[in-house]
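Below is one structure, written out as structure tokens; comments come after it.
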Amino acid sequence: MKLEEKLIANGQGHLLDMKDLSAEERAEYLRQLGAIDFDVINCYRHPMPEKRGKISPIKAVRTEDIERQRERFEEVGKGAIRAGKVAAVLLAGGQGTRLGADGPKGAFDLGVTKPVYIFQLLIANLLEVCARCGAHVPLLVMTSEKNDAATRAFLRDHAYFGYPPEYVRFFVQEMHPSVDLDGKILLEGKGRLALSPGGNGGWFASLQRAGTLAEFPALEWLNVFAVDNVLQRIADPAFLGATILSGMPCGAKVVMKSCPEERVGVLCLEDGRPSVIEYYELPRELAELRDGAGRLTYGCGVILNYLFSLEKLREIAGTTIPVHVAKKKIDFMNAEGELVRPQTENGYKFETLILDMVRLCGACLPFEVVREREFAPVKNRTGTDSVETARALLKQNGREL
Ligand code: UTP
């Protein structure tokens with residue numbers, strides 16, 4: 001079908017007005033129109049979450065099990081790193097709206113007496129592992145069209161914080177246009193769709209599209225992690241070893257929830273498959289349930305640090321993952337050509353989420369880590385999971401700020 005027919009058939013005929021665009025603007029606009037995934041956009045009609053399956057607890061490797069077997073786990077993990085089987089995938093395509101900083105979230109400075117950037121802390125953590133193994137892990141950084149140039153420039157200007165550039169790659173994630181409450185795609189300016197990053201669930205498709213994997217033919221495992229947990233251990237040999245030895249295609253670092261009300265997604269089984277249930281979806285009676293030792297039965301809080309087998313990722317690559325539709329305030333250009341910053345929610349954004357990939361893997365090993373040592377997310381300026389709480393945790397762990 002021709003682009004024009006496609007737009008009309010999908011109720012987006014209003015986008016065909018291209019008068020007043022220069023040849024250059026028109027070419028870019030046509031590129032954006034050609035990239036629209038209508039299967040995603042048309043999900044605005046079903047914004048309600050799907051009904052959940054039967055929930056049951058999942059068995060985690062607990063910290064005491066890990067300590068008992070640490071040597072064996074680490075040996076296997078280090079062996080995989082030395083053999084070039086492991087890459088680290090940094091998800092840095094988000095907009096960090098809650099933090100509200102200009103520029104990429106990883107370029108945020110957490111320092112007090114000197115600059116200490118988020119990227120710097122993450123790379124320092126990874127370099128520690130590399131030093132212990134005597135080998136470097138490819139660091140694959142996912143950006144979005146909104147922050148790609150700034151992220152590359154920032155890391156280059158800081159000499160990749162000591163990471164060898166030949167082990168660093170960038171790839172750009174997909175964007176989706178936002179729609180108004182009637183499903184009409186919004187414009188953010190003349191010849192420009194209101195695009196935003198399509199969530200962290202598309203990372204593998206974007207990585208495949210970029211062709212990066214072919215450069216590292218020995219890869220078997222990808223450790224995917226969020227940009228904002230500044231204490232996390234990346235390519236942690238014990239985590240790698242435990243997952244590899246478990247025979248499962250996926251592992252997830254988890255922290256035990258501090259209380260039933262804690263706002264963190266929980267890893268459990270849903271109809272026998274691993275699944276992450278958001279805190280607001282977990283029924284209260286399940287959230288409060290405790291085992292004989294008094295520990296929360298549904299206590300495995302995910303911290304967005306997953307290990308995936310590449311073989312499994314390739315196998316599930318063609319499977320569609322759910323599109324989450326979120327009602328948001330979206331800046332747009334009105335019929336008079338003026339930019340409007342709405343005070344109330346005026347449309348929908350579309351995202352796929354990495355946590356939905358865990359379910360597709362069929363089995364997942366929850367690997368418990370000590371919260372005070374490995375979980376310091378920077379989501380907000382102040383309050384919970386903020387610059388303040390992360391600084392305190394970094395200091396507690398001996399980092400100078
Ligand atoms: P969050 O869900 O915390 O989103 O992302 P965010 O964009 O960073 O922050 P807010 O919600 O706007 O305040 C969790 C991880 O997933 C990445 C983020 O960069 C972060 O590492 N992410 C999120 C992407 O890479 N792409 C996306 O489209 C969304």
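Each ligand, and each atom within it, is numbered from 1 in the order the structure gives.
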Hey, would you say the [X] and [Y] ring centroids sit under 6.0 Å apart?
| X | Y | value |
| --- | --- | --- |
| Phe119 | His158 | no |
| Tyr306 | Phe225 | no |
| His136 | Tyr167 | yes |

So, [X] side chain and [Y] main chain: donor-acceptor pair closer than 3.5 Å or not?
| X | Y | value |
| --- | --- | --- |
| Lys184 | Gly11 | yes |
| Lys78 | Arg132 | no |
| Asn397 | Leu393 | yes |
| Asp65 | Gln69 | no |
| Glu220 | Lys85 | no |
| Arg62 | Lys59 | no |

[atom]: the protein heavy-atom neighbour that sits closest, reported with distance to 0.1 Å:
| atom | result |
| --- | --- |
| atom 26 (N) of ligand 1 | Gln173 OE1, 2.6 Å |
| atom 7 (O) of ligand 1 | Gln95 N, 2.8 Å |
| atom 12 (O) of ligand 1 | Thr97 OG1, 2.4 Å |
| atom 16 (O) of ligand 1 | Asn200 ND2, 3.1 Å |
| atom 11 (O) of ligand 1 | Arg98 NH2, 3.0 Å |
| atom 8 (O) of ligand 1 | Lys105 NZ, 3.5 Å |
| atom 20 (C) of ligand 1 | Leu91 O, 3.8 Å |
| atom 6 (P) of ligand 1 | Gly96 N, 3.6 Å |

Which of the ligand 1 atoms, numbered from 1, are nearer than 4.0 Å to a heavy atom of [X]:
| X | answer |
| --- | --- |
| Gly93 | 19 (O), 24 (C), 25 (O), 26 (N) |
| Gly199 | 26 (N), 27 (C), 28 (O), 29 (C) |
| Met142 | 25 (O) |

Evaluating non-hydrogen atoms only, which member of Val141, Leu353, Leu304 is closest to atom 14 (C) of ligand 1?
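Result: the heavy atom closest to atom 14 (C) of ligand 1 is in Leu304.
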
How does Ala92 reach ligand 1, if at all, at less than 4.0 Å between non-hydrogen atoms: by side chain, backbone, both, or neither?
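The answer is the backbone of Ala92.
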
Backbone or side-chain N or O of [X] under 3.5 Å from ligand 1 N or O:
| X | result |
| --- | --- |
| Val227 | yes |
| Gly94 | yes |
| Lys379 | yes |
| Leu99 | no |

Looking just at side-chain N and O atoms, do Asn305 and Asn223 make a donor-acceptor pair shorter than 3.5 Å?
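Side-chain D/A pair, Asn305 to Asn223: present.
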
When rounded to the nearest 0.5 angstrom, what distance separates OH in Tyr348 from CD1 in Ile185?
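Those atoms lie 15.0 Å apart.
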
